[in-house]
Every structure is written in structure tokens, then in C-alpha cells.
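Here the structure is laid out as C-alpha cells; the discussion comes afterwards.
Indexing begins at 1, ligand by ligand and atom by atom, following the structure's order.
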Amino acid sequence: MSLKAKIVFITGASSGIGEATAYAFASEGARLLLAARRQDKLSAVASKALEAGAQAVHAFELDVQKQPAVAAAIAALPAEWSAIDVLINNAGLSRGLDKLYQGHIEDWDEMIDTNVKGLLYVTRAVVPGMVERGSGHVVNMGSTAGELTYPNGAVYCATKAAEKAINDGLRQDVLGTPVRVTSIDPGMVETDFSKVRFRGDETRAAKVYQGITPLSPVDVADAIVWAVSRPAHVNIAHVLMTPVGQANSLLFHREQAGTTGNTR
Ligand code: NAP
């Protein structure tokens with residue numbers, strides 16, 4: 001399916017997987033709706049996406065945790081941007097790596113409000129239009145963390161397990177319409193994800209990727225473009241993808257250490 005001139009809405013487009021996905025759709029000639037909280041980063045991505053071949057870009061500030069703002073932003077889209085063809089629910093984050101009984105309540109709230117409630121708010125604002133128009137594709141960003149919980153990550157893993165349930169539920173609820181629903185579930189991807197998790201501690205973040213070649217954001221963007229560009233009658237339900245040195249969310253092989261194990 002050609003992606004030329006399709007309106008692709010990407011949340012969390014200011015960095016990492018969302019940014020790479022913007023460039024991947026840009027090179028297919030799509031029209032891009034880009035949203036995130038950091039306007040400076042988003043403007044830079046918008047300019048690069050135009051250089052990469054996007055037919056047009058409309059970037060706007062959005063905090064997916066804020067339901068009234070999400071509904072208002074989607075309702076206020078200029079007419080030429082309102083018929084969204086593809087929604088990529090990518091905005092998300094992890095905070096901390098703590099035993100559940102020692103976890104920080106504000107970290108839990110931020111992860112749940114962003115990864116679960118934010119995804120729901122955006123979906124609720126966009127999908128009715130897709131159903132009405134009889135076309136659309138929702139891509140949700142899952143994780144190997146949603147397949148298998150790892151120690152000290154119960155709440156982040158729970159948000160991704162919720163994403164899996166929402167993805168599968170939405171696919172059942174749009175059955176009978178042409179709308180497609182896909183979850184892309186990567187393992188370790190090198191982005192700002194770990195820096196955000198460890199609140200800017202770059203040394204701690206770098207350790208996550210030691211002795212392993214992680215996925216790049218481009219690898220994940222490739223999978224998203226592949227799923228969206230299948231023929232209209234094909235729905236890719238899930239794509240589970242990991243680096244070769246990762247078997248699942250618990251088991252890694254790290255070259256320097258020469259060991260296999262949970263060295264998260
Ligand atoms: P990243 O580089 O930190 O990017 C996260 C993006 O989400 C940023 O653009 C950020 O933008 C946006 N975001 C966070 N909170 C937001 C909010 N309240 N409202 C709007 N946007 C928000 O990390 P990433 O790895 O690309 O993460 C993207 C997605 O992939 C997440 O859902 C993550 O859970 C998932 N994932 C990542 C990995 C991995 O290993 N990296 C693996 C599996 C799944 P602003 O800060 O500018 O708002």
C-alpha cells in the first residue's frame with residue numbers, strides 16, 4: 001500500500017523511535033502530524049522530515065497525559081489535517097528501576113498516565129474519525145516488557161501489558177470496519193529511553209547497552225512502515241522484535257562479560 005500523501009500522526013516524535021519513524025514515513029512521501037512536549041526538538045525533527053521527503057508537516061505541542069488538551073488538539077486540527085490515516089501511539093517512558101515495594105508513587109503515576117491513559121486518550125480522540133471514514137491504521141508501541149515482566153520493572157511492564165490488552169481489544173472492537181490495529185513490540189532499542197528512566201544519569205544509562213548491539217530506532221521504524229504498508233486486507237497484529245543478543249525481556253547475552261543472564 002502506498003504511503004504517499006497519507007496523514008500519519010506520531011506521538012512522541014521529538015526523539016528516539018518516534019523521530020526515526022517520522023523520517024521513515026517522510027521518505028515515503030507521507031504528510032506528518034508530529035506531537036510531543038518539547039517544541040525545540042519537535043521543530044528540528046519537522047525540518048529534517050521535510051528534507052527527507054515529507055509532503056507536509058504539522059507539528060504541535062501535546063502532553064498525552066492531559067485528556068482535555070488531547071481532545072482539544074485533535075478537534076482543532078486544520079481541515080486539511082483532520083482525516084488521519086495512520087495513528088502511531090508511540091509516546092511513552094519508564095521511570096526508575098526499583099523493587100515494587102520501594103517504588104516511587106510519582107514514577108508509577110507518570111508511567112501509567114503516559115503509557116496507558118495517554119495512549120487511550122489519543123486513541124479515543126482519533127479512532128472515531130477512522131471508523132466514520134472507513135479507513136485507518138492504529139500502531140501501538142508495545143514492548144517485550146509487556147510479554148514478560150522483569151525484576152524491578154513491574155509497573156513499566158504492567159503499562160506495556162496493558163498496551164497489549166488495549167491493542168487486542170481495539171482490534172476486536174473495530175472488527176467489521178476496515179480499520180487495522182498493530183502492536184510493535186521491541187526489546188532493547190538505543191534511544192533516550194534509559195536516560196529518561198535514570199533521570200539523566202548517562203553512566204547508568206550506558207550500562208544498559210554494554211556488550212550488546214541493541215536495536216536502533218531505525219530498525220523499529222522499518223517494522224512500523226512495513227506493517228502499515230501491507231495490502232489493505234492484511235492486518236499485522238503484533239511484531240515482536242529483539243536484538244540477536246536478547247532472547248526476551250529477561251535474558252541477554254553480553255559480549256564483554258561473556259555471560260548470558262539478566263544483567264539489566
Ligand atoms: P525516547 O527517545 O525517550 O522517546 C520518548 C518520546 O515520548 C519522546 O519523543 C517524548 O517527547 C515522548 N513523550 C514522553 N512523555 C510524553 C507525554 N506525556 N506527552 C507526549 N509525548 C511524550 O524513548 P523511545 O525509546 O523512543 O520510546 C518510544 C516508545 O517506545 C515508548 O512508548 C517506549 O516505552 C517504547 N519502547 C522503547 C524501548 C527501548 O528500549 N527504547 C523498547 C520497547 C518499547 P517529549 O519528552 O518531548 O514529550
Should one rank Asn90, Thr191, Asn115 by closest heavy-atom distance to atom 31 (C) of ligand 1, which comes out on top?
Asn90

Below a 4.0 angstrom heavy-atom separation, can you tell me which part of Val64, side chain or backbone, both or neither, approaches ligand 1?
both

With backbone taken as N, CA, C and O and side chain as the heavy atoms from C-beta onward, which portion of Tyr156 lies under 4.0 Å from ligand 1: side chain, backbone, both, or neither?
side chain

Counting heavy atoms under 4.0 Å, the part of Leu62 that contacts ligand 1 is backbone

With a 4.0 Å cut-off, would you call Glu80 and Arg31 a salt bridge?
no

If you compare Ser94, Ser143, Gly187 by their heavy atoms, the one closest to atom 42 (C) of ligand 1 turns out to be Gly187

Met141 N/O under 3.5 Å from ligand 1 N/O
no

Ranked by distance from atom 5 (C) of ligand 1, the top protein heavy atom is Gly92 O, 3.6 Å

Nearest heavy-atom pair of Leu250 and Pro151: which atoms, and what distance?
CD2-CD, 3.5 Å

Decide yes or no on side chain to side chain donor-acceptor pair (under 3.5 Å) for His137 and Thr182, but give the supporting numbers first.
CA-CA 8 Å; His137 195 150; Thr182 299; 2.8 Å; yes

In this structure, does ligand 1 have an atom that sits under 4.0 Å from one of the heavy atoms of Pro186?
yes

Determine whether any heavy atom of Thr11 lies closer than 4.0 Å to an atom of ligand 1.
no

Yes or no on side-chain contact (heavy atoms from CB on, under 4.5 Å) for Phe198 and Thr203, after CA distance, side-chain angles and deciding distance?
CA-CA 9 Å; Phe198 300 117; Thr203 314; over 6 Å; no

If hydrogens are left out, which of Ile10, Val189, Val220 has an atom nearest to atom 40 (O) of ligand 1, that is, the closest non-hydrogen atom?
Val189

Crowding at CZ, Arg230 (>12 non-hydrogen neighbours, <6.0 Å):
yes

Hey, which atoms in ligand 1 end up nearer than 4.0 Å to a heavy atom of Gly16?
2 (O), 26 (O)

Using the rule that two of Ile, Leu, Val, Met, Phe, Trp, Tyr join whenever any of their side-chain heavy atoms come within less than 4.5 Å, decide whether Val8 and Leu33 are in one cluster.
no

Should Lys160 be listed as contacting ligand 1, given a heavy-atom distance under 4.0 Å as the test?
yes

Pairs of nitrogen or oxygen atoms closer than 3.5 Å, one from Asp63 and one from ligand 1: do any exist?
yes

Could an N or O of ligand 1 be found under 3.5 Å from any N or O of Gly12, whether backbone or side chain?
yes

So the atoms of ligand 1 within less than 4.0 Å of a heavy atom of Thr114 turn out to be 15 (N), 16 (C), 18 (N)

Among all protein heavy atoms in this structure, tell me which lies nearest to atom 17 (C) of ligand 1, with the distance rounded to 0.1 Å.
Arg37 NE, 3.5 Å

Can Gly142 be said to touch ligand 1, with heavy atoms closer than 4.0 Å?
yes

Carefully, step by step, assess Leu97 and Tyr156 under the rule side-chain contact (heavy atoms from CB on, under 4.5 Å).
CA-CA 9 Å; Leu97 201 57; Tyr156 176 70; over 6 Å; no

Measure the distance from atom 8 (C) of ligand 1 to every protein heavy atom, then report the residue, atom name and distance (to 0.1 Å) of the closest one.
Ser14 OG, 3.6 Å

If hydrophobic clusters are built by linking Ile, Leu, Val, Met, Phe, Trp and Tyr wherever their side-chain heavy atoms come under 4.5 Å apart, do Leu119 and Leu62 end up in the same one?
no

Considering non-hydrogen atoms of the protein only, which is the closest contact for atom 26 (O) of ligand 1, and what is the distance?
Ile17 N, 2.8 Å

Among all protein non-hydrogen atoms, which one is nearest to atom 4 (O) of ligand 1, and what is the separation to 0.1 Å?
Ser15 OG, 3.5 Å

Electrostatic pair Asp107:Arg199 at N-O distance under 4.0 angstrom
yes

What protein heavy atom sits nearest atom 22 (C) of ligand 1, and how far away is it?
Ala91 CB, 3.7 Å

Side chain to side chain contact (heavy atoms under 4.5 Å, CB included) with Glu19: of Val45, Asp192, Leu34, only one passes, and it is Val45

Flag yes if Ile166 and Ile88 sit in one hydrophobic cluster, no otherwise; membership is Ile, Leu, Val, Met, Phe, Trp, Tyr, and two members link when side-chain heavy atoms are under 4.5 Å apart.
no

In terms of heavy-atom contacts, does CD of Gln39 have more than 12 from other residues, nucleotides or ligands at under 6.0 Å?
yes

Establish, yes or no, whether the cationic atom of Arg124 lies under 6.0 Å from the six-membered ring centre of Tyr121 and within 45° of the ring axis.
no

